[in-house]
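One structure is given here, and the rest of the page talks about it.
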Amino acid sequence: MEALVCVKLGDPVGKMDENSPIVLSKNHPIPQLDSPTAVRVRVKATSLNYANYLQILGKYQEKPPLPFVPGSDYSGIVDAVGPNVSIFKVGDRVCSFASLGSFAQFIVADQSQLFRVPEGCDLVEAAALPVAFGTSHVALVHRAHLTSSQVLLVLGAAGGVGLSAVQIGKVCGAIVIAVARGDEKVEFLKSLGIDHVVDSSKENVTVSVKDFLNARKLKGVDVLYDPVGGKSTKEALKLLNWGAQILVIGFASGEIPVIPANIALVKNWTIHGLYWGSHRTHRPGFLEDSFGELLSWMEKGLITIHISHIYSMSEASLAFCAIRDRKAIGKVMIAFDDKTSPTSKL
């Protein structure tokens, strides 16, 4: 089978040759069923997340031994089942997430780790759901308990997790403020009905948000969703209410922010670290409930998966470039048997 293999650590952007950290293997072994309840899935599509990029760079918190096949969330068709599999059959449409291995034509998972994709839901879109929307759902619904009376501020709002956060914020009925860079991203966010959108490349975020809050007679931000870090976090802290909640999602800026503990004490802030992937180990049932609700929302049209670019496996370096250079609005995907141009927008 075809598989994208990381053979050394480094930047996967650039020509895929003998110097690249990633190579496209044409004859990688097809994974075999490894337990009576194992299911093999023929992958239809897999999503690129910033964590995948960091892992190949060697800068992610989990560092698998080389060589490894990267990849996390995916969708596909059940290809084979173990003798004790009772939930799925060959031909079923499923999606899931893995710690590694989805950048390949086949992947094996236990039946308990797979989710059935509802009829009418697009398989490529389903592959974009687990990590981005799963992160935001756990963060906003289960950790912050976001309500309709609260103000949510989302940094990096046009990226994969940011875009999922603003949508889930609207499902929860919150007043949503989104921060992004560039006209195209800002206009797209406005088209979603976001309450206030700030272009951080042109506006002072603090001033713009305060003006909006004052106009709406609101005291401040109740929940900060932060996948960016760095200076953006420092500025956003000036906007938080007493008793606000801070969701630490990631550090796309490359800079880990400092949140002053003395101010957190005085203002009674709650700081949530949100490493979504570790829930599979520590609270697997938690993720199952969360993902079930997300699939229900997707089926009902309450959330929409926005896919910016679709690439083939041989164009993986271009896909990582879109992630690294923040070219995407929403998700970047790798799809199998898909003829879509890599630069087309859906």
Side-chain angles (χ1 to χ4, degrees), residues 2 4 39-49 52 71-79 87-98 101-107 109 113-137 158-168 170-171 188-189 191-193 276 287-288 290-316 318-319 322-323 327-346:
E2 280 192 353
L4 193 72
V39 176
R40 186 168 64 213
V41 178
R42 176 183 284 273
V43 177
K44 169 62 178 176
T46 182
S47 167
L48 272 77
N49 299 289
N52 305 130
S72 43
D73 37 3
Y74 62 93
S75 67
I77 306 295
V78 173
D79 173 74
I87 304 174
F88 301 102
K89 65 182 185 302
V90 172
D92 282 346
R93 293 155 28 100
V94 296
C95 63
S96 187
F97 52 93
S102 70
F103 291 1
Q105 285 182 297
F106 293 93
I107 191 169
Q113 297 176 348
L114 293 170
F115 301 91
R116 191 180 305 277
V117 177
E119 290 299 324
C121 293
D122 182 78
L123 263 185
V124 176
E125 292 180 1
L129 187 73
V131 172
F133 279 84
T135 296
S136 296
H137 187 270
V161 290
L163 201 52
S164 67
V166 297
Q167 288 194 63
I168 290 173
K170 295 306 292 182
V171 173
F188 180 78
L189 287 163
S191 75
L192 298 179
W276 179 80
L287 286 190
E288 188 173 342
S290 172
F291 204 64
E293 183 165 49
L294 282 172
L295 283 169
S296 172
W297 287 357
M298 183 181 179
E299 186 177 18
K300 295 173 183 175
L302 295 176
I303 55 175
T304 305
I305 314 299
H306 296 275
I307 297 176
S308 180
H309 297 75
I310 298 179
Y311 295 92
S312 67
M313 190 80 87
S314 63
E315 298 161 332
L318 296 176
I323 291 286
K327 296 176 181 177
I329 298 176
K331 295 295 294 181
V332 176
M333 310 294 296
I334 289 177
F336 293 90
D337 303 319
D338 193 288
K339 306 303 181 184
T340 307
S341 166
T343 55
S344 67
K345 296 188 176 180
L346 305 182

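Note that the structure is predicted; figures quoted are calculated from it, not measured.
- Between the side chain of Thr135 and the backbone N or O of Trp276, no donor-acceptor pair lies under 3.5 Å.
- Take Ala128 and apply the side chain to side chain contact (heavy atoms under 4.5 Å, CB included) test, not counting sequence neighbours, and it matches Ile305, Lys331, Met333.
- The heavy-atom pair separating Ser72 from Ser102 by the smallest distance is N-OG, 2.9 Å.
- Between Phe103 atom CZ and Leu48 atom CG the span is 4.0 Å, to the nearest 0.5 Å.
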Just list the side-chain donor-acceptor pairs under 3.5 Å for residues 291-301, sequence neighbours left out, or say none.
| from | atom 1 | to | atom 2 | distance (Å) |
| --- | --- | --- | --- | --- |
| Glu293 | OE1 | His137 | NE2 | 2.7 |

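- Remark: side-chain polar atoms of Arg42 are not paired, donor with acceptor, to backbone N or O of Gly76 under 3.5 angstrom.
- Ser308 and Ala328 get closest at one heavy-atom pair: OG-CA, 3.5 Å.
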Criterion side-chain contact (heavy atoms from CB on, under 4.5 Å) on Phe97 and Leu287, from CA distance to verdict
CA-CA 11 Å; Phe97 52 93; Leu287 286 190; 3.7 Å; yes

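- Ser314 meets the side chain to side chain donor-acceptor pair (under 3.5 Å) test with Ser312; sequence neighbours excluded.
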Step by step, would you call Leu318 with His309 a side-chain contact (heavy atoms from CB on, under 4.5 Å)?
CA-CA 10 Å; Leu318 296 176; His309 297 75; over 6 Å; no

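- Using a 4.5 Å heavy-atom cutoff, the side chains of Ile77 and Arg93 are in contact.
- Residues satisfying the side chain to side chain contact (heavy atoms under 4.5 Å, CB included) criterion with Glu288, sequence neighbours excluded, are Phe115.
- Within the structure, side chain to side chain donor-acceptor pair (under 3.5 Å) pairs that include any residue of residues 113-130 comprise Asp92-Arg116 (at least two apart or interchain).
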Compile the donor-acceptor pairs under 3.5 Å between side chains in residues 159-168 and protein atoms, sequence neighbours left out, one pair per line.
| from | atom 1 | to | atom 2 | distance (Å) |
| --- | --- | --- | --- | --- |
| Ser164 | OG | Ala132 | O | 3.1 |
| Ser164 | OG | Ser136 | OG | 2.6 |
| Ser164 | OG | Val161 | O | 2.6 |
| Gln167 | OE1 | Thr304 | N | 2.7 |
| Gln167 | NE2 | Thr304 | O | 2.7 |

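- Contact check for Ile87 versus Leu114: no side-chain heavy atoms found under the 4.5 Å cut-off.
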Carefully, step by step, assess Leu129 and Asp73 under the rule side-chain contact (heavy atoms from CB on, under 4.5 Å).
CA-CA 8 Å; Leu129 187 73; Asp73 37 3; over 6 Å; no

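- Counting only distance, with no hydrogens or angles, the side chain of Gln105 and the backbone of Glu2 share a donor-acceptor pair below 3.5 Å.
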From CA spacing to verdict: side-chain contact (heavy atoms from CB on, under 4.5 Å), Val131, Ser47
CA-CA 9 Å; Val131 172; Ser47 167; over 6 Å; no

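- Closest approach of Ala126 and Val117 over heavy atoms only: CB-CG2, 3.9 Å.
- A side chain to side chain contact (heavy atoms under 4.5 Å, CB included) with Tyr74 holds for exactly one of Leu123, Val43, Val94, Ile334; it is Val43.
- A donor-acceptor pair under 3.5 Å is formed between the side chain of Ser191 and the backbone N or O of Phe188.
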